Amino acid sequence: MPSLVLHNTLTRRREAFVPLDPQHVRLYVCGPTVYDLAHIGNARGMTVFDVLARLLRHLFPRVTYVRNITDVDDKINARAAESGEGIDAVTARTAAQFHADMAALGNLPPDIEPRATEHIAGMVTLIERLIAGGHAYAADGHVLFAVASFGQYGALSGRSPDELLAGARVEVAPYKRDPGDFVLWKPSPPDLPGWDSPWGRGRPGWHIECSAMARQYLGDTFDIHGGGGDLLFPHHENERAQSLCALPGSGFARVWLHNGMLNLNGEKMSKSLGNFFTIRDVLSRAPAEAVRLMLLKSQYRGTLEFSDAGLAEARGELDRFYRALARAPAGKAPVPEAVLDALCDDLNTPLALAALHALADDAMAGDRAAAAELQAGGALLGLLQADSAAWFQGGGDAAAIEAAIAERIAARRARDFARADAIRAEWLAQGVAFEDRPDGTTDWRRVATQPA
RNA sequence: GGUCCGGUGGCAGAGUGGUGAUGCAGAGGACUGCAAAUCCUCGAAUGCCGGUUCGAUUCCGGCCCGGACCUCCA
């Protein structure tokens, strides 16, 4: 079995992954804040860590994958206020949409999906411990983490507190001892969600949520913490500071993984810039599996440029994979070594896909063993599990198409090629391609309709 | 301004101190009534300048360019 190597942001190096408990790997990934539809950039991180979870399950006997849902947040409150919808309704609807999007993309559910609002007690406990340990202080109804109390602050994101100050672009609240101090707990007015606490009715800061949820399900020290590169600072830096200070002697996450951003026209796709497509937008333009393949076509740490051309290319690649599987009906096979080796090399999905292409060549030539390996390798990436017929013909009006094919075959027999070509062109315009086989029969498949 | 990451053929995108994967697109051919698919063949790349080295795309330094982060973000 190959050993898994991962790039650890904490050390900025590639390291052999050695779990704390070889029988049980524990993984935490930052999930969505449920105030609006997720966009395709959000989907990249989720998909990357889904592949990681699949790989870990393949390599180790047991994996606990925790991905939270943040359901208490200023943006949620704002969204509810402007729509008139209740806060619970906003979070319930958005969480359901998120789940549907993830399922469409082939991302398996995490083992545990904790909600922030159901873990307030754990957050309060951590905050109390931080205050007791001299790492936090109450001020003006807030509780703040004192960054100066943690010598390692900045170690994860590779910054010094001085550097952080230099770039500070936000007004410093007067009650902060240090401009870098961040909120653990803040007061909440009666009309907004809040919980009673030793510091009055309030709600948690964002960072403490993940610290508490990770601790509850994975323990004080666990193996891997993942998330987008844009969360490295401040979110992950703060999570780590809180947990390490509240739980002396613990290690929190030993390995930190950060996925690169998805760009649109050279810029990060983000809600704040407004340059985003929701997952639903994209799913309306291409088959879900093509979207997934597109997201895995570059290594997770790099930036990935989103484009319709890339989507179309992914679809074409899947066409070839499924054609190969149709040529050589696959049986069961172990995951091919080349695919496993590639994924164990810091999740090198492009290299794994190259191995799949090589297997597809053999399968195309009728090699059933290669076809089985192709499907087994695809499974580790969450790809190629559909039936070839469903991939090519799903959603087509088979009866009407077969009738057209029969008519066209008759025309060809009569050597009325003009008629035969007209029928073919007519259906192609509707996204159905005809392919004549040597034995005189005709096969058909759905293709992308060409824009006029 | 500070910190970090990256610049590979037309596009996407890996790897490597010693003849630069893979996919898409393109060219020629086989097959086809014509296509499509498939098969065969082919052309095509390491941002710039130095350094180390027998040899650098790879290591080091500088420069240029792009992006991310600097307390909203996957």
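These numbers were taken from a predicted model, which means no experiment stands behind them.
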**Study point:** Partner nucleotide, any strand, of B:A30 [Watson-Crick/G-U, under 3.5 Å]
**Key:** B:U38
Review point. Is the closest basic N to carboxylate O distance between A:Arg315 and A:Glu289 below 4.0 Å?
Key: no
Check your understanding: Does B:A14 pair with anything, Watson-Crick or G-U wobble, both distances under 3.5 Å, and if so, with which nucleotide?
Key -> none
Check your understanding: When you measure from the side chain of A:Lys268, which nucleotide among B:C34, B:U38, B:C73 comes out closest?
Key -> B:C73
Revision key, fill the gap. Scanning all shown strands, the Watson-Crick or wobble mate of B:U71 with both distances under 3.5 Å is none
Practice item. Could you tell me the separation between the CG atom of A:Leu262 and the P atom of B:A74, rounded to a whole number of Å? Key: 13 Å
Point to revise | Proximity to the side chain of A:Glu267 - top-ranked nucleotide from B:U71, B:A68, B:A74 | key: B:A68
Revision key, fill the gap. From the candidates B:A74, B:C72, B:U22, the one with an atom nearest any side-chain atom of A:Met269 is B:A74
Check your understanding: Between the side-chain atoms of A:Arg301 and the base atoms of B:C5, is any donor-acceptor pair under 3.5 Å?
Key -> no
Revision key, fill the gap. Scanning all shown strands, the Watson-Crick or wobble mate of B:G66 with both distances under 3.5 Å is B:C5
Point to revise | Residue A:Arg445, side-chain heavy atoms: nucleotide from B:A37, B:G33, B:G23 that is nearest | key: B:A37
Check your understanding: Counting N and O atoms only, with roles assigned by atom type, does the side chain of A:Ser211 sit under 3.5 Å from a partner on the main chain of A:Gln242, one being a donor and the other an acceptor?
Key -> no
**Study point:** Heavy-atom donor-acceptor pair, A:Glu317 side-chain to B:G23 base, under 3.5 Å
**Key:** no
Review point. Centres of the A:Trp185 and A:His142 rings: under 6.0 Å?
Key: no
Check your understanding: B:C4 phosphate, OP1 or OP2: any side-chain N/O from A:Arg159 under 4.0 angstrom?
Key -> no
Study note, to complete from the structure: B:G50 -> Watson-Crick or G-U wobble partner, both distances under 3.5 Å, gives B:C60
Review point. Does B:U71 have OP1 or OP2 sitting under 4.0 Å from an N or O in the side chain of A:Asn238?
Key: no
**Study point:** Charged N-O contact under 4.0 Å between A:Asp50 and A:Arg292
**Key:** yes
